[in-house]
Amino acid sequence: MLTSRMYHEKDFSFFVRCVKKSPEWINEETEPALLEEYMKKYEMYQGEWRIWEENGEPAAITFSIEWSPSNEKPWLGTILVHPSKRSQGIGKKVIRSAAAELKEKGHKILFAGVAAERLDWIQFLSKAGFEQFKMEENSGEAYTILIFPL
C-alpha cells in the first residue's frame, strides 16, 4: 500500500540516496552536497516535499506546489523513486495518488516541466498519464510542458 507524509529532516539521508543514483537529476538540478541549499531555494514557492512509502518503507520523494505564480495551477516539480524501487510502478502510483488528491480539492489539471532533451523523463511522465502541452524556452533552455488532466 502506498502512503505519503510530509518530509522531515530525518528523511534527508533517503533523499541523498535517491539523488546519488540519479545522475540525470544531478545534472539538471543539483549535486548531493548542495541538496540542503537546493531545498531552501524552493521554500519561496510554499510547496511541499513529501515522502511516499510502500508498506511502511520510503519509496519516493516529491516536491509539488498547489499554486504556481506562473499560471496559478498545481505543478509537480520533482519525483525521485528510490533505486531499489524503480521500474516497479511506484512513480506512476505516486503521480496518480497526488493527482487524485488535487482533484478532490477541485483542481482540473496538474502541470510538469522537463528539460526538452530529457526524453526518458518525458516518456516516464507520459506513461504515468501526462500529455505534452507545449514547448517553452526559459533563459535559453528548452522545456517540454506536460499536463495531467484530473
Side-chain angles (χ1 to χ4, degrees), residues 2 4-7 11-54 58-103 105 107-150:
L2 187 69
S4 73
R5 60 177 172 75
M6 297 301 291
Y7 171 92
D11 298 310
F12 187 72
S13 62
F14 171 77
F15 194 10
V16 170
R17 285 192 308 274
C18 290
V19 168
K20 283 184 176 180
K21 295 293 186 173
S22 306
E24 298 89 1
W25 194 88
I26 291 170
N27 189 40
E28 290 295 328
E29 301 297 336
T30 194
E31 297 180 25
L34 302 174
L35 210 45
E36 288 182 68
E37 185 178 313
Y38 173 85
M39 292 178 79
K40 286 182 182 167
K41 182 174 79 171
Y42 279 87
E43 286 178 3
M44 70 180 186
Y45 293 107
Q46 298 179 0
E48 55 183 33
W49 289 97
R50 291 170 75 178
I51 298 295
W52 296 81
E53 296 178 336
E54 186 173 56
I61 184 167
T62 59
F63 178 78
S64 60
I65 56 176
E66 199 169 327
W67 185 91
S68 168
S70 66
N71 67 357
E72 301 178 357
K73 305 285 184 216
W75 282 74
L76 175 64
T78 292
I79 178 169
L80 279 172
V81 177
H82 189 273
S84 69
K85 303 283 187 180
R86 292 181 183 162
S87 299
Q88 298 175 31
I90 300 291
K92 289 179 189 177
K93 288 179 190 176
V94 166
I95 289 170
R96 291 196 175 118
S97 292
E101 290 175 15
L102 289 166
K103 185 175 182 174
K105 292 179 178 181
H107 293 285
K108 305 279 186 226
I109 201 157
L110 172 62
F111 282 80
V114 177
E117 72 271 8
R118 295 290 176 204
L119 298 179
D120 52 340
W121 292 2
I122 295 167
Q123 288 173 346
F124 160 72
L125 291 170
S126 295
K127 288 178 183 176
F130 278 89
E131 303 167 7
Q132 184 172 336
F133 177 60
K134 66 179 179 174
M135 300 295 291
E136 274 188 4
E137 194 169 311
N138 188 0
S139 302
E141 299 285 331
Y143 290 91
T144 301
I145 305 302
L146 300 113
I147 56 172
F148 189 109
L150 303 177

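In what follows, residues are counted from 1 in the order of the sequence shown. Any value given below was found using the heavy atoms of this structure, including those in side chains, with hydrogens, waters and symmetry copies removed.
When every heavy atom of G129 is checked against every heavy atom of P149, the shortest pair comes out as O-CD, 4.3 Å. L110 and F130 get closest at one heavy-atom pair: O-CE2, 3.6 Å. What you find for W52 and A98 is that their closest heavy atoms are CH2-N, 4.0 Å. For L2 against V94, the heavy-atom pair with the smallest separation is CD2-N, 3.7 Å. Nearest heavy atoms, I26 versus P32: CD1-CD, 4.0 Å. Residues M135 and A116 approach most closely at CE-CB, 3.5 Å, considering heavy atoms.
Looking only at distances, a side-chain donor or acceptor of H82 sits under 3.5 Å from a matching main-chain atom of S84. Distance alone, capped at 3.5 Å, is enough to place a donor-acceptor pair between the S68 side chain and the S70 backbone.
Using a 4.5 Å cut-off on side-chain heavy atoms (C-beta onward), K93 and E54 make contact. Counting heavy atoms from C-beta on, the side chains of D11 and R5 come closer than 4.5 Å. Annotation: side chain of L125 is in contact with side chain of I95 (closest heavy-atom distance under 4.5 Å). A 4.5 Å side-chain heavy-atom check between R17 and P83 finds every atom pair outside the cut-off. Side-chain contact check for L102 versus F148: every heavy-atom pair is 4.5 Å or farther apart. Between K105 and K103 there is no side-chain heavy-atom pair separated by less than 4.5 Å. In this structure, I79 and W121 have side chains that are not in contact, with every pair of non-hydrogen atoms separated by 4.5 Å or more. Within the 4.5 Å cutoff, no side-chain heavy atoms of E131 are placed close to those of L146.
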Item to check | Stepwise side-chain contact (heavy atoms from CB on, under 4.5 Å) test for Y38 and T78 | outcome: CA-CA 12 Å; Y38 173 85; T78 292; 3.8 Å; yes
Checklist entry - Between I122 and T144, is a side-chain contact (heavy atoms from CB on, under 4.5 Å) present by the stated rule, with each step listed? => result CA-CA 8 Å; I122 295 167; T144 301; 3.5 Å; yes
Checklist entry - Stepwise, does the side-chain contact (heavy atoms from CB on, under 4.5 Å) test hold for V19 with F15? => result CA-CA 6 Å; V19 168; F15 194 10; 3.6 Å; yes
Checklist entry - For F14 and W49, what are the C-alpha separation, side-chain angles and deciding distance, and is it a ring-ring contact (aromatic ring centres under 6.0 Å, His included)? => result CA-CA 13 Å; F14 171 77; W49 289 97; over 10 Å; no
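Ion pairing of E66 with K73 is absent here, as no side-chain N (NZ or NE/NH1/NH2) approaches a carboxylate O to less than 4.0 Å. A salt bridge does not link E43 to K41: none of the charged nitrogens lies less than 4.0 Å from a carboxylate oxygen. Residues R50 and E101 are paired through a salt bridge, judged by an N-O separation under 4.0 Å between the basic side chain and the carboxylate.
Note that CD1 of I61 is 7.5 Å distant from CG of L80, once rounded to the nearest 0.5 Å. Distance CD1/I90 to NZ/K92: 11.5 Å, rounded to 0.5 Å. The structure places OH of Y7 at 4.0 Å from CE of M39, a figure rounded to the nearest 0.5 Å. Considering NZ of K108 and CD1 of I147, their distance stands at 14.0 Å, rounded to 0.5 Å. Atom CD of residue E29 and atom OH of residue Y42 lie 5.0 Å apart, to the nearest 0.5 angstrom. We find the CZ-CG distance between F63 and L76 to be 10.0 Å, quoted to the nearest 0.5 Å.
Residues satisfying the salt bridge (charged side-chain N to carboxylate O under 4.0 Å, His left out) criterion with R118, sequence neighbours excluded, are E28. For W75, the ring-ring contact (aromatic ring centres under 6.0 Å, His included) partners are F111, not counting sequence neighbours.
With a 6.0 Å radius and a threshold of 12 heavy atoms from other residues, nucleotides or ligands, E117 has its CD atom above the threshold. Within 6.0 Å of atom CD in E24, more than 12 heavy atoms from other residues, nucleotides or ligands are found, so the atom counts as buried in its surroundings. Heavy-atom neighbours of K85 NZ from other residues, nucleotides or ligands within 6.0 Å: above the threshold of 12.
For W67 and Y45, the distance between ring centers is not under 6.0 angstrom.
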